[in-house]
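What follows is a single structure, written as structure tokens, with notes after it.
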Amino acid sequence: MPIAIWTPELSLGVASLDADHQKLIDTLNLVFDALLFDRSSSALNSALTTLDDYVTEHFAREEAWMQARHHPDLARHQQEHKALRDHLALLCASRDLSDQERSVELLMILRDWLLGHIAHSDRDASGA
Ligand SMILES: [Fe+2]
Ligand SMILES: [Fe+2]
């Protein structure tokens with residue numbers, strides 16, 4: 001059951017970053033499924049590790065893309081990325097399945113934050 005869906009309104013018109021955002025949304029959905037339906041800690045840990053790794057990879061790619069364009073908002077954008085990483089660290093720290101309700105709540109916060117960031121900050125940065 002998806003908790004986040006890619007829509008064309010999220011597109012930046014930059015193929016590599018759009019592909020990253022779609023993969024991040026897919027991975028958020030994997031974490032949610034593992035959290036609610038799989039109930040094995042190995043599936044959840046694996047989905048969270050995938051998400052954490054891909055967030056790191058995407059942020060580096062996006063920041064390099066901005067840096068190459070001497071984007072004036074780079075420092076502020078990096079701070080926003082750090083805020084998402086902080087949310088993700090909280091989620092990873094509460095990966096104990098007995099704390100499922102808190103983990104779902106954190107995941108929803110992460111989803112809202114990520115979709116809002118793509119729709120506003122990333123779009124502004126790309127000029128889309
Ligand atoms: Fe992004
Ligand atoms: Fe971003």
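From a predicted model like this one, the values you see are computed outputs, not experimental measurements. Numbering of ligands and ligand atoms starts at 1, following listing order. Hydrogens, waters and symmetry mates are skipped; everything else that's a heavy atom, side chains included, is used.
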| Pair His117 and His77, ring centroids less than 6.0 Å apart |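 When the ring centroids of His117 and His77 are compared, they turn out to be within the sub-6.0 Å range.
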| Same cluster for Leu115 and Met1 if Ile/Leu/Val/Met/Phe/Trp/Tyr side chains link at under 4.5 Å? |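 Cluster IDs for Leu115 and Met1 match.
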| message | Side chains of Arg85 and Phe59, heavy atoms from C-beta outward: is any pair under 4.5 Å? | response |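 Yes; the side chains approach each other to less than 4.5 Å.
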| field | Nearest-0.5 Å distance that lies between atom CG in Asn29 and atom CZ in Arg111 | value |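 Rounded to the nearest 0.5 Å, the CG-CZ separation comes out at 9.5 Å.
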| Taking the six-membered ring of Trp65 as reference, does the NZ or CZ atom of Arg69 fall below 6.0 Å from its centre and within a 45° cone about the axis? |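 Judged by the rule (NZ or CZ under 6.0 Å from the ring centre, within 45° of its axis), Arg69 counts as positioned above Trp65.
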| task | Would you indicate whether Glu57, at its atom CD, is surrounded by more than 12 heavy atoms from other residues, nucleotides or ligands within a distance under 6.0 Å? | result |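 Yes - once you tally the heavy atoms of other residues, nucleotides and ligands closer than 6.0 Å, there are more than 12.
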| task | Please list, in chain and residue-number order, the protein N/O/S atoms closer than 2.8 Å to the Fe ion (ligand 1). | result |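 Listed by chain and number, the nearby protein N, O or S atoms are His21 NE2, His58 NE2, Glu62 OE1, Asp122 OD2.
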